[in-house]
Amino acid sequence: RLSKEGQGKMGNIASILQETFSGIKVIKAFGLEDREIEKFKNHNLAFYAYQRRSIRYESLSTPLTEVITSFGVAAVVWVGGANVMSGRTTAAEFFSFVAAMVMMYNPIKKLNGDYNVMQRSIGASERVFEIIDAEPEIIDALDAVSISRARGDVEFRDVSFSYGDEEVLKGISLTASKGEVVALVGPSGGGKTTLVSLIPRFYDVKSGAIFVDGLDIRTLVLSDLLHQIALVDQETILFNDTIANNIRYGRTDATDADVEAAALAAFAHDFIMEMPEGYLTNIGDRGVRLSGGQRQRLCIARAILKDAPILILDEATSALDTESEQMVQKALENLMENRTTFVIAHRLSTIFRADKIVAVENGAIQEIGTHAELLAANGLYKRLYDMQFR
């Protein structure tokens, strides 16, 4: 029990350290270094208190065993001696028994120390096996169908979804043909990100179905489905590795020429060549050595290299300045070519030319049409447009 508790406290300390170092700019900007130090100190003291208890119990176990054993030896000598005195046992038998008992003493004493180590290990392993034994919620069907490369036709058919008791999507019906750009707009919290997250089966629908090329995605082999989809998120996820390895992350067998071609299409080649080691430059944890626009273009290059027929863009330009946004927008145009694309956008200027604009509010589709059609309809899209371009 103590070991498991200690592992939890150690995990808390590691979590605080990770949070503190990753959010160091915010902490310094608000001048809250002392508060963070105090928080770390309190958790460290809790871990120290556990360690003291653990050492106390572990140190007590050996003397306690020695005391119990001493009483046992005394009892054996007392009973054995009395038996020898009364003639029920010979002296030779008695000393043979005592010798055997003494020889057993050291191995049993060592077992006691091993028992303490084993208890610590059990406490640690329980936490590990909680994760290892967790059953994944999204799994392949028993008769899952394998596909090579999809055309890219996507259909939502009366889809509903909820997080627990909270209904997020209600009766969504939507089609996207190969090569179409479908833009999702609407107020924050309306369900846009959840909607596109259902396509790669990050979650499964509660009712209705999603089809790719006429096949229910729940009947497809999950790994095959994910090979059909490329994602460019508003949060740029890059790894502490070289630029080349970050770009080829979605296709590890890609050649250097393939990587360079993807970077050229993403308008990333020029800034990469200005780096000290070009494509072999290490970009640090989460791409810390790059600007926001550069990180986003690397993510686009990664998606271009994957060459998936279905593309999901979740606010891919939301955190960029105007100049970076123009560069990223050009890269996105290259990426979207001949792909079925779902774009989530709050900047309406980025989706005027979409084939289909879907206005989503409170988990339901309010209207669908082109930019001109929705402006004429004078509904939710027109209201959002007026708010941005008044």
Side-chain angles (χ1 to χ4, degrees), residues 134-187 189-233 250 303 306-315 336 338-345 351 354-370 374 380:
E135 291 291 333
E137 293 180 16
I138 310 298
I139 57 174
D140 288 336
L142 294 175
D143 55 349
V145 179
S146 184
I147 56 171
S148 52
R149 182 176 177 85
R151 290 190 309 275
D153 297 331
V154 179
E155 180 187 359
F156 289 79
R157 192 178 297 172
D158 197 25
V159 167
S160 295
F161 178 80
S162 58
Y163 294 109
D165 296 329
E166 181 190 357
E167 192 172 35
V168 181
L169 298 174
K170 313 164 200 169
I172 299 290
S173 292
L174 174 66
T175 58
S177 302
K178 177 185 176 182
E180 268 193 337
V181 177
V182 177
L184 302 172
V185 301
K192 302 183 298 295
T193 299
T194 301
L195 182 65
V196 296
S197 296
L198 295 175
I199 303 172
R201 290 190 70 193
F202 294 155
Y203 316 101
D204 267 342
V205 299
K206 293 296 184 284
S207 65
I210 301 172
F211 297 87
V212 169
D213 293 355
L215 297 170
D216 189 330
I217 59 173
R218 289 169 295 189
T219 66
L220 301 177
V221 175
L222 185 57
S223 58
D224 287 353
L225 173 66
L226 293 174
H227 282 134
Q228 314 306 318
I229 301 166
L231 171 67
V232 181
D233 197 33
K306 187 176 181 183
D307 191 28
I310 300 170
L311 174 64
I312 297 172
L313 305 176
D314 188 354
E315 286 288 338
M336 291 189 290
N338 296 322
R339 291 180 174 86
T340 306
T341 307
F342 290 87
V343 184
I344 296 176
I351 49 98
D355 299 299
K356 195 180 288 181
I357 298 174
V358 182
V360 180
E361 187 176 31
N362 297 324
I365 294 176
Q366 303 298 327
E367 49 190 359
I368 300 177
T370 63
L374 294 184
L380 172 61

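Because the structure is predicted, anything quoted here is derived from the model rather than measured. Throughout, residue positions are numbered sequentially from 1 according to the sequence presented.
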S.K.: Check the side chains of Ser173 and Asp158 for a donor-acceptor pair under 3.5 angstrom, ignoring hydrogens and angles.
M.R.: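 On atom types as modelled, these side chains do not qualify, holding no pair under 3.5 Å.
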
S.K.: For the pair Lys192 (side chain) and Ala359 (backbone), establish whether a donor and an acceptor sit closer than 3.5 Å, ignoring hydrogens and angles.
M.R.: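 No, because the side chain of Lys192 does not come within donor-acceptor range (under 3.5 Å) of the backbone of Ala359.
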
S.K.: Specify the closest pair of heavy atoms between Ser160 and Gly171, including all atoms of both residues, with the distance to one decimal.
M.R.: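 Where Ser160 meets Gly171 most closely, the heavy atoms are OG-N, 3.1 Å.
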
S.K.: Passes salt bridge (charged side-chain N to carboxylate O under 4.0 Å, His left out), Asp307 versus Arg339? Steps please.
M.R.: CA-CA 9 Å; Asp307 191 28; Arg339 291 180 174 86; 2.7 Å; yes

S.K.: Please check if atom NZ in Lys178 has more than 12 non-hydrogen atoms from other residues, nucleotides or ligands closer than 6.0 Å.
M.R.: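 Incorrect, the count does not exceed 12.
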
S.K.: Looking at every heavy atom in both Arg201 and Leu220, which two are closest together, and how far apart are they?
M.R.: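 The pair with the smallest heavy-atom distance is NH1-O, 4.4 Å.
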
S.K.: Checking the side chain of Asp153 only, and the main-chain atoms of Val212 only, is there a donor and an acceptor separated by less than 3.5 Å?
M.R.: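 No, the answer is negative, given that no donor and acceptor are paired below the 3.5 Å cut-off.
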
S.K.: I need the minimum non-hydrogen distance between Leu174 and Phe342, along with the two atoms involved.
M.R.: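 The pair with the smallest heavy-atom distance is CD2-CE2, 4.3 Å.
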
S.K.: Taking all non-hydrogen atoms of both residues, which atom of Val196 and which atom of Ile344 are closest, and how far apart?
M.R.: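 Result for this residue pair: CG2-CD1, 3.6 Å.
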
S.K.: Looking only at non-hydrogen atoms, find the nearest pair between Ala230 and Ala303 and report the distance.
M.R.: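 Between these two residues, the closest heavy atoms are CB-CB, 4.0 Å.
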
S.K.: Please report the closest heavy-atom contact between Ile351 and Ala345, naming both atoms and the distance.
M.R.: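 Residues Ile351 and Ala345, closest heavy atoms: CG2-CB, 3.8 Å.
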
S.K.: Any chance you could lay out the side-chain contact (heavy atoms from CB on, under 4.5 Å) test for Lys356 and Thr175, step after step, and finish with the verdict?
M.R.: CA-CA 10 Å; Lys356 195 180 288 181; Thr175 58; 3.6 Å; yes

S.K.: Taking side-chain hydrogen bond (donor to acceptor under 3.5 Å, both in side chains) as the test, write out the residues that go with Asn362, two or more places apart.
M.R.: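 Counting only residues at least two positions away or on another chain, Asn362 forms no side-chain hydrogen bond (donor to acceptor under 3.5 Å, both in side chains).
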
S.K.: So if I apply the side-chain contact (heavy atoms from CB on, under 4.5 Å) rule between Asp233 and each of Thr193, Leu313, Asp314, which one comes out positive?
M.R.: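 The passing option is Asp314.
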
S.K.: Name all residues meeting the side-chain contact (heavy atoms from CB on, under 4.5 Å) criterion together with Leu374; count only those two or more places apart in sequence or in a different chain, and write none if there are none.
M.R.: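 Residues passing side-chain contact (heavy atoms from CB on, under 4.5 Å) with Leu374: Ile357, Glu367, Tyr381.
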
S.K.: Evaluate the side-chain proximity of Ile172 to Ile365: yes if any heavy-atom separation is below 4.5 Å, no if none is.
M.R.: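 Answer yes - side chains close enough.
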
S.K.: Mind checking ring-ring contact (aromatic ring centres under 6.0 Å, His included) for Phe202 and listing every partner two or more places apart, or none if nothing turns up?
M.R.: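 Testing Phe202 for ring-ring contact (aromatic ring centres under 6.0 Å, His included), a comparison that skips the adjacent residues, returns none.
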
S.K.: Is the distance from the ring center of Phe211 to that of Phe156 below 6.0 Å?
M.R.: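 When the ring centroids of Phe211 and Phe156 are compared, they turn out to be at least 6.0 Å apart.
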
